[in-house]
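Structure first, then comments.
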Protein chains: 2
Amino acid sequence: MAKRPTLTDVAAAAGVSRALASIVMRNAPGASDATRERVLAAASALGYRPDARARLLRSTRSHLLGVVFDVDGAFHTEIVEALYPAAAARGFDVILSARGPRRPEDEAVRSLLDLGSEALLVLAPDSPAEVLAGHPAPIISILQPQADPRLSSAATDEAAGIALAVGHLRELGHRRIAHVDGGSAVGSEARRAAYVRLMEDDGAAPLVLPGGPSETDGMAAARTLLALRTLRSPDALPTAVVVFNDDAALGFLHILGEAGIAVPKALSVVGYDDSRLAALAHVSLTSVRQDPDALAAAAVYAAAAALDGRRAHTLVPPSLTVRSSTAPPPVVDR
Amino acid sequence: MAKRPTLTDVAAAAGVSRALASIVMRNAPGASDATRERVLAAASALGYRPDARARLLRSTRSHLLGVVFDVDGAFHTEIVEALYPAAAARGFDVILSARGPRRPEDEAVRSLLDLGSEALLVLAPDSPAEVLAGHPAPIISILQPQADPRLSSAATDEAAGIALAVGHLRELGHRRIAHVDGGSAVGSEARRAAYVRLMEDDGAAPLVLPGGPSETDGMAAARTLLALRTLRSPDALPTAVVVFNDDAALGFLHILGEAGIAVPKALSVVGYDDSRLAALAHVSLTSVRQDPDALAAAAVYAAAAALDGRRAHTLVPPSLTVRSSTAPPPVVDR
DNA sequence: GGAACGTACTAGAACGATCTAGTCGAGATG
DNA sequence: CATCTCGACTAGATCGTTCTAGTACGTTCC
């Protein structure tokens with residue numbers, strides 16, 4: 001429990017001034033190679049580590065990115081991990097603050113600002129753009145594109161994701177493709193609109209089943225589809241469904257299983273997020289994959305740009321992970 | 001982008017000295033009610049928030065708890081969220097640092113120490129006790145009990161958890177209960193030992209199938225069990241299985257399903273962690289529940305105790321969430 | 001050979017708060 | 001009435017670093 005060595009200790013040990021030791025530790029120009037070596041040797045001999053508090057307090061730039069993420073968002077944590085290397089590549093450090101049912105976004109944001117964050121990366125912010133733009137540091141919205149010109153964003157290209165899903169199904173031969181939407185969840189509107197547009201461009205009738213982001217929402221949507229079966233003729237029923245996300249897709253699959261509808265033989269299902277759930281052998285769901293590394297890199301880029309006074313709005317292209325919940329449509333009475 | 005107001009600004013606006021304004025902001029004794037009110041009014045009028053960097057640098061106590069957690073550990077994030085209120089209740093603030101495949105524990109720990117954490121809470125530490133004890137702040141190991149007297153810990157009572165699972169199965173009428181262990185994962189040894197002991201106390205033969213913490217480990221264990229069926233007579237085969245965790249249990253269930261073994265009719269399965277997976281309608285796994293709130297409270301208590309020079313080792317009792325993967329054993333040839 | 005320049009280095013202020021050691025005045029005590 | 005105590009308040013040092021404004025000295029240039 002000995003007290004931490006300070007820069008003064010290092011300077012004394014190396015026989016130089018504090019200021020020069022500081023120059024060496026920051027790897028700043030203004031020291032000869034010989035002293036540089038001597039100071040570094042003294043530092044490591046003493047086990048010196050710069051005190052982040054003093055450093056943050058004094059320096060003009062903190063090089064700190066504050067990140068707000070959801071504790072229960074599985075995909076959020078993937079992005080968080082990708083952010084560490086992405087930030088380091090541009091000379092930033094990362095501090096985290098969790099948001100959750102018992103910790104409001106506002107509190108998370110403020111604690112990061114109090115520590116001197118230069119910019120804030122907020123995953124799927126739930127505060128309105130108005131509030132976000134009011135903070136004294138630039139905000140980068142991750143996963144949710146922002147129309148507000150005062151904000152930056154890095155998000156997945158939802159339209160491209162839906163296009164991948166629909167394209168894959170069409171290639172398999174599907175024509176009657178339905179969509180279970182995400183209700184009022186983040187991204188739902190963009191995905192639904194992209195779906196409707198793709199259908200109309202193809203001259204097909206869109207069929208949107210109201211859903212939501214959770215397993216139970218998916219279950220409800222499946223029950224709606226089952227009810228439709230008693231009303232429509234078989235060749236007016238969808239042979240494939242694109243569901244808002246993996247959680248909802250799982251609920252959807254569950255009800256289908258109970259009703260004895262074989263997936264993918266009778267009906268193909270595509271999810272969205274390519275979460276851990278989708279990859280389970282038990283589930284094996286074809287799903288649209290958002291790229292956490294690309295999102296992280298785009299977000300850090302946007303932060304750097306924002307600090308230069310420029311706004312960036314990046315859309316990251318998703319990919320499709322094909323598993324065993326999709327297959328050609330059944331050949332029926334034709 | 002106006003500069004943040006400082007304590008000096010507040011003091012000037014309220015017509016008092018900086019020191020007195022500080023006393024008021026800290027809610028420390030030494031100010032009259034009248035000035036207290038005046039200073040607080042000035043502070044909120046200016047939108048003043050204390051600068052965490054300066055505060056951390058100067059004050060003798062930082063009241064900061066550093067938390068290291070796994071980005072991919074679903075249960076970890078539940079504890080993280082519970083830690084915020086638990087810490088606040090004892091006057092602590094929380095800062096997070098993620099550990100992951102691309103961010104080693106050591107780096108996470110150091111960044112927290114550099115910011116002045118008074119104690120570190122590490123979820124399921126993977127460094128040896130030796131290394132952990134070498135840090136200049138007390139370490140509280142969460143989820144992994146520690147024998148080392150220099151460390152504190154807050155963990156689930158694994159023996160009690162296994163006893164709950166086995167007890168539940170015995171009440172249902174099971175006598176031949178197997179265990180799929182967790183290989184070298186955290187907690188595996190304790191759970192396996194508890195299982196073996198419970199079996200022996202009952203005069204039953206323990207059957208431990210080698211497993212691990214992942215879905216594929218569970219799948220492998222299930223195949224081992226299936227192979228056993230061809231070697232043993234039916235009344236020497238287990239009628240119930242307690243699996244190391246939910247992930248492995250899911251893989252186990254998957255292979256069982258493929259082999260046409262009905263759960264819970266032919267075989268009962270109990271998981272461990274009561275994770276999101278277990279709660280899925282599609283899975284509905286009976287599982288041992290660890291209590292995140294109790295763990296968080298115990299960890300913060302241990303941190304406070306450690307700062308007083310006392311070590312605490314708390315075991316939190318788990319509970320059992322009964323779902324539909326367990327039922328009475330099949331009545332067979334007896 | 002003196003001005004101009006560049007490199008290596010240093011003294012001391014500054015960041016924004018808290019802490020220490022006081023001052024001041026009013027009321028209590030003997 | 002002098003002394004003591006106590007609450008309200010303040011000046012100035014301090015935390016560990018970075019920043020500003022220099023000094024010292026060797027080299028180059030006309």
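Chain letters run A, B, ... following the sequence lines, proteins first and then strands; every chain starts at 1.
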Gap between atoms [atom1] and [atom2], on [X] and [N] respectively (whole Å):
X	N	atom1	atom2	result
A:L115	C:dG16	CG	P	15 Å
B:D114	D:dT17	CG	P	10 Å
A:R18	D:dC19	CZ	P	14 Å
B:D51	C:dA14	CG	C1'	14 Å
A:I23	C:dA11	CD1	P	13 Å
A:Y48	D:dG16	OH	P	10 Å

Looking at [X] and [Y], would you say the former's side chain and the latter's main chain have a donor-acceptor pair under 3.5 Å?
X	Y	answer
B:S117	B:L120	no
B:H313	B:A155	no
B:D148	B:R150	yes
A:E105	A:S127	yes

Listing time: all N or O pairs from protein to nucleotides 5-8 of chain C that are below 3.5 Å?
none

Do B:Q290 and B:D273 meet the criterion of a side-chain donor-acceptor pair at a distance under 3.5 Å? yes
Residues A:S97 and A:R103: side-chain donor-acceptor under 3.5 angstrom: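 A:R103 and A:S97 do have a side-chain donor-acceptor pair below 3.5 Å.
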From the list C:dT18, C:dG12, D:dT10, which nucleotide is the closest neighbour of the side chain of B:L7?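 Nearest to the side-chain atoms of B:L7, counting from C-beta on, is C:dT18.
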Which of these nucleotides, D:dC19, D:dT17, C:dG16, is closest to any side-chain atom of A:R26?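 Looking only at side-chain atoms, A:R26 lies closest to D:dC19.
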Pairing residues for A:R276 by the side-chain contact (heavy atoms from CB on, under 4.5 Å) criterion, not counting sequence neighbours: B:D247, B:L277
Nearest-nucleotide comparison on DNA chain D, the residue closer to the 5′ end among B:R36 and A:T8: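 Result of the comparison: B:R36.
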In residues 53-65 of chain B, what residues come within less than 4.0 Å of DNA chain D, judged by heavy atoms?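 Going residue by residue through residues 53-65 of chain B, the ones with a heavy atom under 4.0 Å of DNA chain D turn out to be B:L57, B:R58.
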Aromatic rings B:F69 and A:F69: how do their planes relate, parallel, tilted or perpendicular, breaks at 30° and 60°?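 Answer is parallel, since the angle falls under 30°.
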When all nucleic acid strands are considered with a 4.0 Å heavy-atom cut-off, which category describes B:P50: base, sugar-phosphate, or nothing? sugar-phosphate
Within less than 4.0 Å of OP1 or OP2 of C:dA17, is there a side-chain N or O belonging to B:S22?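 For B:S22, the contact criterion (side-chain N or O under 4.0 Å from OP1 or OP2 of C:dA17) is not met.
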